[in-house]
Amino acid sequence: MQPRTAEEGLAPGVFEILKEDRHTGARLGRLWTAHGAVETPVFMPVGTQATVKALEPRDLEEMGASVILGNTYHLLLRPGMEVMAACGGLHRFMGWSRPILTDSGGFQVFSLNNLRKIRAHGVEFRSHIDGAKFFLGPPEAMAVQRTLGSDIAMCFDECMPYPCDAQYACQSVDKTLSWAALCLQQERSPGQLVFGIVQGGEFVALRERCARELAAMGFDGYAVGGVSVGEPEDVMLKGVEDGVRCLPRERPRYVMGLGDMFQMCESVSLGVDMFDCVIPTRVARHGTAYTRTGTYPVKGGSYKMDQRPVEEGCTCYCCSHFSRAYVRHLINVGEILGVRLLTIHNMHRYLGFMREMREAIANDCFREWRQSLAAVLRPDGLKSRAKSV
RNA sequence: GGGGAGGUGGCGCAAUUGGUUAGCGCUCCGGACUGUCGAUCCGGUGGUCGCGGGUUCGAAUCCCGUCCUCCCCG
């Protein structure tokens with residue numbers, strides 16, 4: 001139905017807002033890229049190392065994934081940019097013809113904090129593989145993403161930790177802003193979009209200032225970063241709200257790393273269009289299934305004899321062919337098929353969830369849909385669940 | 001028949017020349033995981049130390065008997 005290539009559709013960067021919800025900030029959109037359109041709100045499966053773990057591009061296409069992620073840091077280390085250039089970029093390399101968004105390595109500043117030193121012009125990393133030193137700053141990160149040929153490149157930012165003191169947060173945001181301006185000046189691959197990233201931690205004024213200054217620079221889209229790094233849920237959603245509030249309405253908005261269904265729904269109602277998260281795939285590898293009503297451990301002993309599918313009523317390949325007992329067995333004995341089947345199911349559930357959300361917005365029933373979702377996923381209301389830091 | 005080694009939670013083992021509520025790995029059960037350092041991390045259940053006596057303030061550790069397993073020799 002929708003055009004698959006840029007030739008058939010609109011120019012990369014065009015963001016059509018097809019519908020706006022009457023009661024919330026939710027909107028239905030379509031973002032055009034060099035590899036076709038993305039219907040929003042969208043969930044983007046994470047394929048850090050040029051693969052969405054356990055899934056083939058064919059699986060993803062069949063399940064309706066319209067855009068996936070790649071990662072600057074990881075692909076720079078392995079296979080390296082010589083290989084990527086020789087193989088014609090990330091799309092050709094991994095056999096994926098739909099849009100790709102690449103993260104800049106900014107998250108690794110956070111997740112690999114014991115292996116890096118932050119400098120004025122970028123970050124000095126020590127490879128987590130062999131300890132080799134290398135430098136990633138705005139020009140470097142953008143050059144990598146240009147070689148990868150991603151449809152959407154993210155600015156190189158500093159994802160700051162939580163908790164974080166105000167003074168450090170302020171300096172960090174200054175750095176992220178100056179880096180963002182530099183990223184915008186770098187050369188891009190054909191049709192490549194560049195998104196800015198709002199930081200600021202839990203500080204309202206910082207979030208707002210960061211968002212406003214980025215907006216003034218004129219990016220193709222904007223992300224809220226630095227959330228889901230260990231803060232309580234209410235702090236996280238507040239951070240999203242503070243950032244989104246000051247971003248231009250007509251551009252796509254993306255909350256990085258968010259993947260909890262309830263949190264995504266809340267973010268959509270604040271006007272967010274895009275998400276990515278490792279959780280459906282990672283949790284699948286650990287033997288847990290996502291369903292409409294939450295998660296449950298398929299690996300649990302109580303499903304040893306269970307003949308039902310992983311989720312009753314689900315139409316995915318896993319659920320239409322195999323039982324919980326079988327999937328549990330495979331997971332339990334460490335067979336790769338178990339990981340694959342559960343990943344298929346979880347991804348199917350996630351993409352289906354987003355499809356239902358889009359339909360709810362299209363059919364003017366998003367508010368009700370959101371309420372019924374909250375009743376199931378947060379029956380006790382929005383409790384802030386502090387996580388171990 | 002003779003000699004040797006050994007019996008400790010479901011499995012494999014540990015316990016310093018007898019000394020606090022007998023430890024560990026795996027299994028099992030449960031939890032966590034949010035721009036991924038794939039296959040991780042954190043908890044928990046479970047043993048009257050083969051059985052019966054004895055020595056001792058105190059025995060998984062020493063002694064006697066007994067049952068069982070493995071190895072070697074006839």
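Protein chains get the first letters and strands the later ones, always in sequence-line order, with residue 1 at the start of each. No hydrogens, no waters, no symmetry mates; every other heavy atom, side chains included, goes into these values.
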A/M264 CE to B/G35 P: how many Å, rounded?
-> 12 Å

Same-atom distance (P) from B/C49 to B/U21, integer angstrom = 14 Å

Nucleotide N/O of nucleotides 37-39 of chain B paired with protein N/O under 3.5 Å:
residue: B/C37; atom: OP2; partner: A/S111; partner atom: OG; Å: 3.1
residue: B/G38; atom: O2'; partner: A/R285; partner atom: NE; Å: 3.1
residue: B/G38; atom: O2'; partner: A/R285; partner atom: NH2; Å: 3.4

Can you list the residues that meet the ring-ring contact (aromatic ring centres under 6.0 Å, His included) rule with A/F107, with sequence neighbours excluded?
-> A/F110

Under the 3.5 Å Watson-Crick or G-U criterion, the dot-bracket string of RNA chain B, with | for inter-strand pairs | (((((((..((((.....[...)))).(((((.......))))).....(((((..]....)))))))))))).

B/C29 and B/U20, which share atom name C1', separated by this distance in whole Å | 30 Å

Sole candidate of A/D103, A/V227, A/V224 that passes side-chain contact (heavy atoms from CB on, under 4.5 Å) when paired with A/M256 | A/D103

With no angle test and no hydrogens, is the base of B/G35 tied to the side chain of A/N71 by a donor-acceptor pair under 3.5 Å?
-> no

Name the nucleic acid region contacted by A/I197, choosing base, sugar-phosphate or nothing; use a 4.0 angstrom heavy-atom cut-off, strictly under.
-> base

Donor-acceptor pairs under 3.5 angstrom involving side-chain atoms of residues 316-323 of chain A: please list them, not counting sequence neighbours.
residue: A/S320; atom: OG; partner: A/C316; partner atom: O; Å: 2.8
residue: A/S320; atom: OG; partner: A/Y317; partner atom: O; Å: 3.4
residue: A/H321; atom: ND1; partner: A/Y317; partner atom: O; Å: 3.0
residue: A/S323; atom: OG; partner: A/A325; partner atom: N; Å: 3.4
residue: A/S323; atom: OG; partner: A/Y326; partner atom: N; Å: 3.1

Base, sugar-phosphate, or nothing: which does A/E335 touch, judged by heavy atoms less than 4.0 Å apart?
-> nothing

Inter- and intrachain pairs under salt bridge (Lys or Arg N to Asp or Glu O under 4.0 Å), touching residues 319-331 of chain A, at least two apart | A/D306-A/R324

Under the side-chain hydrogen bond (donor to acceptor under 3.5 Å, both in side chains) criterion, do A/W32 and A/E16 qualify, and how do the steps go?
-> CA-CA 8 Å; A/W32 289 91; A/E16 301 174 83; 2.5 Å; yes

Produce the list of close N/O pairs, under 3.5 Å, pairing protein atoms with atoms of nucleotides 26-29 of chain B; give distances to one decimal.
residue: B/C28; atom: OP1; partner: A/N332; partner atom: OD1; Å: 2.7
residue: B/C29; atom: OP1; partner: A/G301; partner atom: N; Å: 3.4
residue: B/C29; atom: OP1; partner: A/R328; partner atom: NH2; Å: 3.0

State plainly whether the residues A/E241 and A/R207 are in salt-bridge range, i.e. N to O under 4.0 Å.
-> no

